[in-house]
Amino acid sequence: MGLALKKPAGVPGKSWPAIVIGLFVAFGGVLFGYDTGTISGIIAMNFWLKQFSTGNTNADGAPIITASQQSEIVSILSAGTFFGALGAALIADRIGRRWSLIVSSGVFTIGVILQTAATAIPMFVAGRFFAGFGVGLISALIPLYQSETAPKWIRGVIVGSYQFAITIGLLLANVVNNATHNRNDSGSYRIPIGVQFAWAIILVTGMLILPETPRYLIKRGKPEAAARSLARLRRLPVDHEAIVDELGEITANHEFELTLGKATYLDCFRGGVFKRLMTGCLLQGLQQLTGINFIFYYGTQYFKNSGITNSFVISMITAAVNVGSTLPGLYAIDKFGRRPLLFWGAIGMCVSQLLVAILGTTTTGQYPTTGVTYSKNDSAQKASIAFVCIYIFFFASTWGPIAWVVTGEIFPLKVRAKCLSMSTATNWLLNWAIAYSTPYLVNFGPGNANLQSKIFFIWFGCCFICIAFVYFMIYETKGLTLEQIDELYDEVKVASKSVHWKPTTTFREIRAGGASVAGQGGVGGTGYDEKTHEGVEHRG
Ligand code: BGC
């Protein structure tokens, strides 16, 4: 990973334990990616269709499920994840980050049991809801746990590795689906679903061993336990100067937050915090609207409909491109910064989606009575798949990881869990909306819009909006500490000006320096309260 991963000189203690822990926790991403990725193949499996179809058949007499059943089965998971993500802040602040992750894995397991046992749609759907609830909790808890334990200099890569794990989960789901889809028994879908027990067991075992985050322990008034946890993370004795220092910083922040009163959800909608909340929610919402999950949820089915014979293999290829392209993205996040990556990523996705839309629309035909689609030009179909892969490359190296990295770092600590859970929930809300509506939009038949490949024009339009969003809303936060990011938002009102901003002070200096530092800060205040970031935000 080159220079971006070099520990800065003078940072005491070891970083590898926290890095290993951060990377292990990222494993929860495998659970997330696998669970969301497995359904695309399952609903295209012949045995599953035979078992779960309620009597509907296609023109050839083969069992199918209707568009409304498809959308119910696929989207119920995202509905569960939405509520799970919203609930994450509540349990994380009550029972701790570590126990929350354990409980979430338990909820997820209940969902997997129900799906494995199901032989008809209602129980399958219930299972997907519970599994989704667990995934939603986990999806907000992981970036929280990671950024509360990660050394600052490598935070971007550690949180980004969560996305890498998501892509590995998606790929594994496609590989397992591809291995079992030809079986003519319930193993065809029970094996891919059952594999998920392994992810839950691995995560729970790890969490039983790993420490609670020092920040949560300070919050709960357990400074000794916090010191032990931090000492374990940095591999230093509890009374080492660096541990005492870092803990002092966390405690100072926390005590200051307490002086501002209890953080409520209302605080997230006030003053400067609201702008950041909007940035986080729009970033996550637009990430979904770029159309990525159309490919991962309905891709197998869509490629099959477009006359591509080996749609399971194509799905494996798209998932593999997703994994491979995340790695350059991880490197580039800290090297080139969030803003240029999101900007160029949006342009790349926009162009690719437009080309897929044009190729798909002009080179496939459809029989008017059956609605069955066919390819008019096989080379154009191949070119269109190539552009789907190029689109995935741009997504995976930019918007995929950076949505999680940015939402993990832009919120003030006091309302962080709450804002993070709301922005994650926005991701799932749009995820749900897309999963729910696309079958109606794409499919042929009464009540459906029969857009087929024209759906890609919608993703193109959304990617176009992404370009403007980045220009006007995304601040460059590369290489800044969380406290400096606070300062950045205080001082710079226009996102495009954030690129050349240099920090003038740090939170600790502000605490130590009081009014004199505040005067130098130049934000128009003269006293400590004026300069303090939280204070500024609460002034509205
Ligand atoms: C998105 C998921 C998507 C995945 C693809 C994540 O960042 O939030 O919805 O399936 O990337 O890699």
Side-chain angles (χ1 to χ4, degrees), residues 26 28-41 74-75 77-82 84-85 88 131-132 135-136 138-143 146 156 159-175 280-300 315-330 333 338 341-342 345-346 349 388-389 391-408 420-421 423-436 438 459 462-463 466:
V30 172
L31 188 146
F32 167 163
Y34 189 98
D35 197 44
T36 52
T38 190
I39 197 66
S40 159
V74 175
S75 70
L77 180 114
S78 330
T81 50
F82 171 73
V135 171
I138 289 170
S139 68
L141 290 166
I142 289 173
Q146 285 181 316
V159 182
S161 68
Y162 167 51
Q163 170 71 16
F164 186 55
I166 296 175
T167 63
I168 292 181
L170 275 165
L171 176 63
L172 285 174
N174 282 288
V175 171
C281 290
L282 283 170
L283 179 61
Q284 288 284 19
L286 284 169
Q287 191 221 40
Q288 291 299 305
L289 287 169
T290 65
I292 189 70
N293 287 320
F294 174 71
I295 293 158
F296 290 124
Y297 290 173
Y298 294 112
T300 316
S315 292
M316 270 203 304
I317 293 173
T318 53
V321 172
N322 194 30
V323 176
S325 313
T326 307
L327 289 173
L330 289 189
I333 289 173
R338 287 61 165 151
L341 247 63
L342 285 173
M349 292 192 295
V388 166
C389 291
Y391 155 76
I392 295 174
F393 165 80
F394 280 110
F395 175 90
S397 56
T398 62
W399 280 70
I402 299 180
W404 300 103
V405 172
V406 167
T407 51
L420 189 57
S421 97
S423 58
T424 307
T426 310
N427 177 300
W428 288 117
L429 183 67
L430 269 299
N431 188 313
W432 169 81
I434 289 167
Y436 183 81
T438 36
W459 312 137
C462 294
C463 291
C466 289

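Indexing begins at 1, ligand by ligand and atom by atom, following the structure's order. Computation of the quantities below employed the complete heavy-atom set of this structure, encompassing side-chain atoms and omitting hydrogens, waters and symmetry-equivalent molecules. Sequential numbering from 1 along the given sequence is applied to the chain's residues.
Ring geometry, Y391 versus F395: the interplanar angle falls from 30° to 60°, so the pair is classed tilted. Between W404 and F32, the angle of the ring planes goes over 60°, which puts this pair in the perpendicular group of the 30/60° scheme.
The ligand atoms of ligand 1 that sit less than 4.0 angstrom from a heavy atom of G400 are 7 (O). Distances below 4.0 Å separate heavy atoms of N431 from the following atoms of ligand 1: 9 (O). Close approach of ligand 1 to Q288 (heavy-atom distance below 4.0 Å) involves ligand atoms 1 (C), 2 (C), 8 (O), 9 (O).
Residue T326 does not touch ligand 1, judged by heavy-atom distances below 4.0 Å.
The backbone N or O of L170 lies less than 3.5 Å from a partner atom in the side chain of N174, making a donor-acceptor pair. Of the possible polar contacts, none joining the S325 side chain to the N322 backbone as a donor-acceptor pair under 3.5 Å is found.
Within the 4.5 Å cutoff, no side-chain heavy atoms of P143 are placed close to those of T407. In this structure the side chain of P401 never reaches within 4.5 angstrom of the side chain of F164, judged on heavy atoms.
Considering each of T36, N293, T424, the one bringing a non-hydrogen atom nearest atom 10 (O) of ligand 1 is N293.
Residue F393 comes nearest to V321 through the heavy atom pair N-CG1, 4.2 Å, listed as atom of the first residue, atom of the second, then distance. The minimum heavy-atom distance linking N293 with N431 is given by the pair ND2-ND2, 3.4 Å.
In this structure, Q284 has no heavy atom closer than 4.0 Å to ligand 1. Between W399 and ligand 1 there is no heavy-atom distance shorter than 4.0 Å. Distances from ligand 1 to the non-hydrogen atoms of A403 include no value under 4.0 Å.
Here the heavy atom of the protein found nearest to atom 5 (C) of ligand 1 is L170 CD1, 3.4 Å. Among all non-hydrogen protein atoms, the one lying nearest atom 12 (O) of ligand 1 is N322 ND2, 2.8 Å. The single protein non-hydrogen atom nearest to atom 11 (O) of ligand 1 is Q163 NE2, 3.1 Å, given as residue, atom name and distance. With respect to atom 1 (C) of ligand 1, the closest heavy atom belonging to the protein is Q287 OE1, 3.4 Å.
Between the side chains of W459 and T290, not a single donor N or O lies within less than 3.5 Å of an accepting N or O.
The N/O atoms of T167, backbone and side chain alike, include none that comes under 3.5 Å of an N/O atom in ligand 1.
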